Amino acid sequence: MKVSEEKIAHLLDSVFAKYGSTYRDTDPVGLVHRFSSEEDIEVVGLFAALLAFGNVLQIKRSIETLLEILGPHPAGFVKNFTSRKRSALGGFRHRFVGGDHVATLILGLKKVMAERGSIKNAFTDGYAPGDMVGSLSRFVKNLKSAAGGRGDSLKFLLPDPEGGSACKRLFLYLRWMVRRADGVDFGIFDSVSPGDLVIPLDTH
């Protein structure tokens with residue numbers, strides 16, 4: 001039996017109304033909502049999404065630990081990153097992601113933010129409507145290149161969809177940034193069409 005799009009939309013809206021922002025703080029995205037400036041939301045959102053693997057309680061603890069290091073203005077920490085600040089990440093670990101991986105990612109973010117002004121601009125510069133996989137791949141390649149010689153160490157944190165990865169965590173980040181602000185998502189990447197978003201599926 002074919003179900004109309006209107007009925008599907010009504011069902012999804014009712015689920016969102018019941019579970020949307022009500023359960024937000026049980027999810028890593030709740031930690032991103034602590035911040036109000038777009039540049040902090042972009043930065044914290046990326047870290048939160050990329051660390052979103054494993055047990056959710058451990059994920060949140062790891063993000064909390066990282067936020068303590070980044071301080072009240074995480075984007076400022078990234079933009080003013082120095083070797084002294086790199087040492088502050090030395091004890092960080094989330095499963096097999098260590099402080100050195102995070103520091104390398106920050107180096108890449110620092111460069112693209114200096115060159116393009118924001119993570120949003122870094123993504124949208126390579127965005128092609130209707131080709132989210134290619135758009136994300138260009139963003140990943142750019143960020144790894146910006147990290148310099150250590151960029152290859154980011155293969156897990158920044159998988160490339162053109163290499164066959166489902167990129168669930170990166171697509172999660174894009175969902176947060178692209179979908180309109182509704183108490184869960186933020187709507188910062190407003191030049192990207194929500195219709196281009198991908199819900200990746202893997203063998204799990």
Side-chain angles (χ1 to χ4, degrees), residues 24-124 139-140 142-151 153-159 167-178 181 183-189:
R24 186 185 72 191
D25 290 338
T26 66
D27 187 89
V29 75
L31 299 173
V32 188
H33 278 272
R34 292 181 181 177
F35 299 87
S36 56
S37 76
E38 286 195 356
E39 62 177 7
D40 283 335
I41 290 169
E42 287 182 333
V43 168
V44 176
L46 184 59
F47 287 131
L50 294 183
L51 294 176
F53 62 97
N55 178 278
V56 68
L57 294 178
Q58 182 58 55
I59 291 168
K60 292 179 67 179
R61 282 195 294 267
S62 295
I63 297 169
E64 291 269 21
T65 299
L66 183 57
L67 291 180
E68 289 177 9
I69 297 170
L70 299 180
H73 183 30
F77 183 99
V78 170
K79 291 191 288 187
N80 298 295
F81 190 60
T82 63
S83 57
R84 180 178 63 82
K85 291 182 178 179
R86 187 182 189 106
S87 64
L89 291 161
F92 176 82
R93 177 156 295 277
H94 175 65
R95 297 187 70 184
F96 43 81
V97 172
D100 194 57
H101 298 109
V102 176
T104 300
L105 175 58
I106 289 176
L107 285 174
L109 288 173
K110 178 181 180 179
K111 184 173 182 180
V112 299
M113 290 170 71
E115 292 176 348
R116 290 171 179 153
S118 67
I119 300 175
K120 170 186 175 178
N121 292 341
F123 181 81
T124 55
F139 174 71
V140 166
N142 181 39
L143 200 46
K144 286 180 178 176
S145 175
R150 296 173 179 264
S153 69
L154 298 177
K155 288 181 180 178
F156 175 78
L157 275 181
L158 293 175
C167 295
K168 292 184 290 184
R169 290 166 293 126
L170 281 167
F171 281 121
L172 174 65
Y173 176 65
L174 289 176
R175 173 250 160 95
W176 290 346
M177 295 299 113
V178 171
V184 176
D185 303 313
F186 296 93
I188 292 174
F189 291 13

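Counting from 1, the numbers follow the sequence of the chain as shown. In this text, all values refer to a predicted model and were calculated from it rather than measured experimentally.
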*Run the numbers on K79 and E39 for salt bridge (charged side-chain N to carboxylate O under 4.0 Å, His left out), then give the verdict.*
CA-CA 10 Å; K79 291 191 288 187; E39 62 177 7; 3.0 Å; yes
*So K120 and M177, side chain to side chain contact (heavy atoms under 4.5 Å, CB included) or not? Walk me through it.*
CA-CA 9 Å; K120 170 186 175 178; M177 295 299 113; over 6 Å; no
*Given F47 and I63, is the side chain to side chain contact (heavy atoms under 4.5 Å, CB included) satisfied, shown in steps?*
CA-CA 8 Å; F47 287 131; I63 297 169; over 6 Å; no
*Kindly indicate, with the supporting measurements, whether the criterion side chain to side chain contact (heavy atoms under 4.5 Å, CB included) is fulfilled by I69 and V102.*
CA-CA 11 Å; I69 297 170; V102 176; over 6 Å; no
*asked:* What verdict does the side chain to side chain contact (heavy atoms under 4.5 Å, CB included) test give for I188 and I119, after you've listed the backbone C-alpha separation in whole Å, the side-chain angles of each residue and the deciding distance to 0.1 Å?
replied: CA-CA 10 Å; I188 292 174; I119 300 175; over 6 Å; no
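Listed by first then second residue, pairs satisfying salt bridge (Lys or Arg N to Asp or Glu O under 4.0 Å) with a partner in residues 60-70 read R34-E64, not counting sequence neighbours. For residues 88-101, the set of pairs meeting the salt bridge (Lys or Arg N to Asp or Glu O under 4.0 Å) definition, not counting sequence neighbours, comprises R86-D100, D100-R150.
The two atoms that bring V97 and L51 nearest to each other are CG1-CD2, 4.2 Å, heavy atoms only. Looking at every heavy atom in both residues, D40 comes nearest to G76 through OD1-N, 4.5 Å. Taking all atoms of both residues into account, the shortest heavy-atom contact from S62 to F92 is O-CE1, 3.3 Å. A pairwise comparison of heavy atoms in P28 and V56 identifies CD-CG2, 4.1 Å as the closest pair. Closest non-hydrogen pair, A146 versus V112, comes out as CB-CG1, 3.7 Å. In terms of heavy-atom proximity, D25 sits nearest to G30 at OD1-CA, 3.6 Å.
F53 places a side-chain heavy atom less than 4.5 Å from the side chain of F96. Between L158 and L50 there is a side-chain heavy-atom pair separated by less than 4.5 Å. Residues M113 and V43 have side chains in contact (heavy-atom distance under 4.5 Å, counting atoms from C-beta outward). Taking 4.5 Å as the limit, every side-chain heavy atom of T124 sits out of range of all side-chain heavy atoms of F139. For the pair D27/V184, no side-chain contact is recorded, criterion being any heavy-atom separation below 4.5 Å from C-beta on. No side-chain heavy atom of L67 sits less than 4.5 Å from a side-chain heavy atom of F77. Counting heavy atoms from C-beta outward, V140 and L170 have side chains that approach closer than 4.5 Å. Looking at heavy atoms from C-beta onward, V178 lies out of side-chain contact with Y173 at the 4.5 angstrom threshold.
To the nearest 0.5 Å, atom CG of residue L66 and atom CG of residue L31 are 10.5 Å apart. Here the straight-line distance linking atom CG of L157 with atom OG1 of T104 works out to 9.5 Å at 0.5 Å rounding. Note that CG of L70 is 9.5 Å distant from NZ of K85, once rounded to the nearest 0.5 Å.
For the residue pair S145 and N142, no side-chain donor N or O sits within less than 3.5 Å of a side-chain acceptor on the partner.
Taking the six-membered ring for Trp, F156 and H101 have ring centres at least 6.0 Å apart.
A cation-pi geometry, defined here as NZ or CZ lying under 6.0 Å from the six-membered ring centre and within 45° of its normal, does not hold between R175 and F186.
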